[in-house]
Amino acid sequence: MTRIRPYRPEDRSALFDICVRTADAGADATGMASDDELWALLYAVPYVERHPDLSWVVESDDGRTVGYIVATDDTDAFERWFHDVWWPRYVDRFPRPAQTHTREEELIDEAYERGIVRDERAEAHPAHLHIDLLPETQGQGLGRALIETLFAELTRRGVRGLHLGMDPANVGAAAFYERLGMTQLSSEPGGQSYGVTFR
């Protein structure tokens, strides 16, 4: 039976696979970057490294990890850690580009900028999340169950709100967040944000 369970270290390789296979506005981004691991090194794996206690996965009937939710309850602290501890491990692998003409260059440049300027969304919505499900798992209520699991834990911790950013091209995800009661927040051009408050 498909189930949601806490993240375990042996799920790490599956996170790399799921992240790249859903990174193009929900579609497969394999081959879009010169290194397919870039996506997860930005948007999945650092979260399970710092917050395994805020990470859950979907396990299929046959024991495969086919989806996940990862989060931080303190965006400001997480982004400082990303800048000071996490990303320096990868600067030789991903040198900062002199110009940003491609999506890959933009992603790498953004990684160098994280933690330098405070995310204004974190004032009222200090937590943030990333969630990805392989197509085979979608439409079964698992995304809602993952988010409700996270929201319950954040509420238990007394976190006052959460935000997330997404590609506006992923209209299915936008509709999903709105069904969960999340509301649009101000966003930078080319992006879309949602937020929810818990108290």
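Using bins of under 30°, 30° to 60° and over 60° for the plane-to-plane angle, the ring pair Phe82/Trp87 lands in the parallel bin.
Counting heavy atoms from C-beta outward, Val91 and Arg96 have side chains that stay 4.5 Å or more apart. Inter-residue side-chain proximity for Thr2 and Thr137 is flagged as unmet; no heavy-atom pair is nearer than 4.5 Å. No side-chain heavy atom of Thr65 sits under 4.5 Å from any side-chain heavy atom of Glu59. At a threshold of 4.5 Å between non-hydrogen side-chain atoms, the residues Thr22 and Leu133 do not count as touching. Val196 is not listed as a side-chain neighbour of His125, based on a closest heavy-atom distance of 4.5 Å or more. For the pair Arg5 and Asp11, the minimum side-chain heavy-atom distance is below 4.5 Å. Leu107 places none of its side-chain heavy atoms less than 4.5 Å from the side chain of Met32. Between Met182 and Leu164 the shortest side-chain heavy-atom distance falls below 4.5 Å.
Closest of all the heavy-atom pairs between Val159 and Ala127 is CG1-CB, 3.9 Å. In this structure, Leu54 and Asp73 approach most closely via the heavy-atom pair CD1-N, 3.6 Å. Across Gln140 and Glu136, no two heavy atoms sit closer than the pair NE2-O, 2.8 Å. Contact between Leu15 and Ala44 at its shortest, heavy atoms only, is CD2-CB, 4.3 Å. What you find for Arg121 and Ser186 is that their closest heavy atoms are CD-O, 4.4 Å. Closest approach of Pro126 and Arg160 over heavy atoms only: CD-CG, 3.8 Å.
The six-membered or imidazole ring of Phe78 lies near that of Tyr47, with a centre-to-centre distance under 6.0 Å.
For Tyr43, the ring pair (Phe, Tyr, Trp, His ring centres under 6.0 Å) criterion is met by His130, not counting sequence neighbours.
Rounding to the nearest 0.5 Å places CD1 of Ile18 at 5.0 Å from CG of Leu134. In this structure, CZ in Arg103 is found 6.0 Å from CD in Glu106, a value given to the nearest 0.5 Å. Rounding to the nearest 0.5 Å places CH2 of Trp56 at 10.0 Å from CD1 of Ile4. Note: Phe151 CZ to Arg144 CZ = 10.0 Å, rounded to the nearest 0.5 Å.
Residues Leu150 and Leu185 do not share a hydrophobic cluster, defined by chaining ILVMFWY side chains whose heavy atoms lie under 4.5 Å apart. Under the 4.5 Å side-chain heavy-atom criterion for grouping Ile, Leu, Val, Met, Phe, Trp and Tyr, Val85 is connected to Phe94 within one hydrophobic cluster. Clustering ILVMFWY residues whenever any of their side-chain heavy atoms sit less than 4.5 angstrom apart, transitively, puts Leu38 in the very cluster that holds Tyr90. Side-chain heavy atoms closer than 4.5 Å link hydrophobic residues (I, L, V, M, F, W, Y) into clusters, and following such links, possibly through other members, connects Leu180 to Tyr68. Both Ile69 and Phe16 are members of a single hydrophobic cluster when ILVMFWY side chains are connected at heavy-atom separations under 4.5 Å.
In terms of modelled atom types and a separation under 3.5 Å, the side chain of Trp86 and the main chain of Leu41 share a donor-acceptor contact. Remark: the backbone N or O of Ser34 is paired with a side-chain donor or acceptor of Glu104 at under 3.5 angstrom.
In this model, no donor atom of one side chain and acceptor atom of the other lie less than 3.5 Å apart for Gln184 and Tyr177. A donor-acceptor contact closer than 3.5 angstrom links the side chains of His128 and Thr75.
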In sequence, state the C-alpha distance, the side-chain angles, and the governing distance for Ile108 and Glu105, and then conclude on side-chain contact (heavy atoms from CB on, under 4.5 Å).
CA-CA 5 Å; Ile108 294 170; Glu105 290 167 345; 5.9 Å; no
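Among the candidates Glu79, Arg50, His51, the single residue satisfying the side-chain hydrogen bond (donor to acceptor under 3.5 Å, both in side chains) test with Thr72 is His51. When each of Leu162, Leu129, Thr149 is tested with Leu154 by the rule side chain to side chain contact (heavy atoms under 4.5 Å, CB included), just one qualifies, namely Leu162.
Residue pairs meeting the salt bridge (Lys or Arg N to Asp or Glu O under 4.0 Å) criterion with at least one partner in residues 84-93, sequence neighbours excluded, are Asp35-Arg93, Glu37-Arg93, Glu49-Arg89.
Ion pair Asp53/Arg157 flagged as a salt bridge, since at least one NZ, NE, NH1 or NH2 atom sits closer than 4.0 Å to an Asp/Glu carboxylate oxygen.
Atom CD of Glu120 has 12 or fewer neighbouring heavy atoms from other residues, nucleotides or ligands inside a 6.0 Å radius.
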